[in-house]
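Notes follow once the structure below has been shown.
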Amino acid sequence: MSAKLKVWLLAAGAAFLATNTSQAQTTDLGAMIDADRAASVFLSVCKESADRDFADAEAAMAQVGVTKKNAETGSVYSETEDLSFRIVEGPGMGKSCSMVFITRDSPELVAGALPILGPFQDSPLGPMSILEGNIPVVYVFQNLGSGADGPFAHNLRMLSVRE
């Protein structure tokens with residue numbers, strides 16, 4: 001990881017952490033999604049539009065069945081699976097493509113399904129991987145339940161391409 005990217009990560013950390021779970025309010029919208037499918041959908045929407053600063057992410061969302069837009073939050077939801085996307089313009093961060101999905105799969109099981117996103121390493125923002133093309137992806141989760149069985153809200157966020 002380059003020194004320039006490390007400095008950027010430290011500067012962006014506070015803003016990211018303040019916004020990373022605000023999207024996790026999808027309940028009873030559809031079936032909980034399998035972790036492998038979530039990773040595949042995330043790549044289809046976010047990675048395929050990353051080089052254009054996520055300008056055509058909403059068109060990609062529609063192709064995978066995520067079409068119900070909440071005008072107040074800017075999130076776009078699936079009507080059949082419990083997942084949503086939002087393009088976030090973070091202070092000092094540039095744009096990012098955020099996907100939240102709800103599952104009873106443990107964070108360890110979900111993390112096991114994410115190797116297609118690359119190896120994750122600790123960063124100031126949470127577990128992070130750097131995809132080909134110098135694209136950072138951050139993964140965080142939150143237990144929405146009262147016990148070890150969840151359900152869990154998982155957030156994958158692809159940040160803008162970094163130099």
Side-chain angles (χ1 to χ4, degrees), residues 12-50 54 56-90 93-131 135-160:
F16 175 81
L17 293 174
T19 62
N20 73 349
T21 57
S22 62
Q23 186 182 342
Q25 297 176 9
T26 60
T27 56
D28 300 324
L29 289 177
M32 290 189 198
I33 188 169
D34 171 85
D36 289 329
R37 167 131 169 89
S40 174
V41 167
F42 178 73
L43 288 172
S44 294
V45 171
C46 297
K47 186 158 192 308
E48 294 304 315
S49 62
F54 310 114
D56 50 350
E58 281 200 43
M61 290 176 210
Q63 290 179 349
V64 295
V66 180
T67 59
K68 184 178 180 182
K69 188 161 188 171
N70 180 321
E72 185 177 314
T73 66
S75 294
V76 184
Y77 299 90
S78 168
E79 293 191 69
T80 58
E81 296 173 301
D82 209 345
L83 70 101
S84 67
F85 282 92
R86 185 169 66 161
I87 304 304
V88 179
E89 182 78 47
M93 293 177 54
K95 287 188 177 177
S96 61
C97 181
S98 176
M99 182 183 84
V100 170
F101 63 100
I102 311 296
T103 182
R104 289 212 179 270
D105 292 344
S106 70
E108 295 80 19
L109 183 63
V110 171
L114 300 180
I116 62 171
L117 298 176
F120 282 82
Q121 299 177 354
D122 288 337
S123 84
L125 304 177
M128 175 179 283
S129 114
I130 305 295
L131 299 183
I135 304 170
V137 174
V138 179
Y139 167 62
V140 294
F141 66 90
Q142 178 180 4
N143 188 340
L144 300 176
S146 58
D149 293 336
F152 298 92
H154 303 271
N155 179 219
L156 288 168
R157 183 175 286 195
M158 183 172 290
L159 308 176
S160 298

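Position 1 is the first residue of the sequence, and the numbers go up from there. When reading the values below, keep in mind they use all heavy atoms of this one structure, side chains included, and skip hydrogens, waters and symmetry mates.
At least one side-chain heavy atom of Val41 sits less than 4.5 Å from a side-chain heavy atom of Met99. With contacts defined as side-chain heavy-atom distances shorter than 4.5 Å, the pair Glu58/Lys69 qualifies. A heavy-atom distance below 4.5 Å is not found between the side chains of Asp34 and Thr103. Two residues are said to be in side-chain contact when any heavy atoms from C-beta on lie closer than 4.5 Å; Phe101 and Ser84 fail this criterion. Using a 4.5 Å cut-off on side-chain heavy atoms (C-beta onward), Phe42 and Val137 make contact. Using a 4.5 Å heavy-atom cutoff, the side chains of Thr67 and Met61 are not in contact. Leu144 places a side-chain heavy atom less than 4.5 Å from the side chain of Ile102.
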Exercise. Is there a side chain to side chain contact (heavy atoms under 4.5 Å, CB included) between Lys95 and Ile87 once you walk through the steps?
Worked result: CA-CA 7 Å; Lys95 287 188 177 177; Ile87 304 304; 4.2 Å; yes
For this session: Kindly indicate, with the supporting measurements, whether the criterion side chain to side chain contact (heavy atoms under 4.5 Å, CB included) is fulfilled by Leu156 and Val140.
Result: CA-CA 7 Å; Leu156 288 168; Val140 294; over 6 Å; no
Problem set entry | Full working for side-chain hydrogen bond (donor to acceptor under 3.5 Å, both in side chains) between Asn155 and Ser98 | CA-CA 7 Å; Asn155 179 219; Ser98 176; 2.8 Å; yes
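Contact between Ser96 and Arg157 at its shortest, heavy atoms only, is OG-CD, 3.3 Å. Looking at every heavy atom in both residues, Ser123 comes nearest to Met128 through OG-CB, 3.7 Å. The two residues Pro151 and Met32 make their nearest non-hydrogen contact at CB-CE, 3.9 Å.
Between the side chain of Ser49 and the backbone N or O of Val45 there is at least one donor-acceptor pair closer than 3.5 Å. Between the Asn70 side chain and the Thr73 main chain, a donor and an acceptor come within less than 3.5 Å of each other.
Between atom CZ of residue Phe54 and atom CZ of residue Arg86 there is a gap of 13.5 Å, rounded to the nearest 0.5 Å. Separating the CD1 atom in Ile135 from the OG atom in Ser129 is a distance of 9.5 Å, to the nearest 0.5 Å. From Ser78, atom OG reaches atom CG of Leu83 across 5.0 Å, with rounding to the nearest 0.5 Å. The structure places CD of Gln121 at 8.5 Å from CD1 of Ile130, a figure rounded to the nearest 0.5 Å. Between atom SG of residue Cys97 and atom NZ of residue Lys47 there is a gap of 12.5 Å, rounded to the nearest 0.5 Å. Here the CD-CD distance, from Gln63 to Glu48, works out to 9.5 Å after rounding to the nearest 0.5 Å.
Using a 30° and 60° split on the angle between ring planes, Phe141 and Phe152 fall in the perpendicular class, above 60°.
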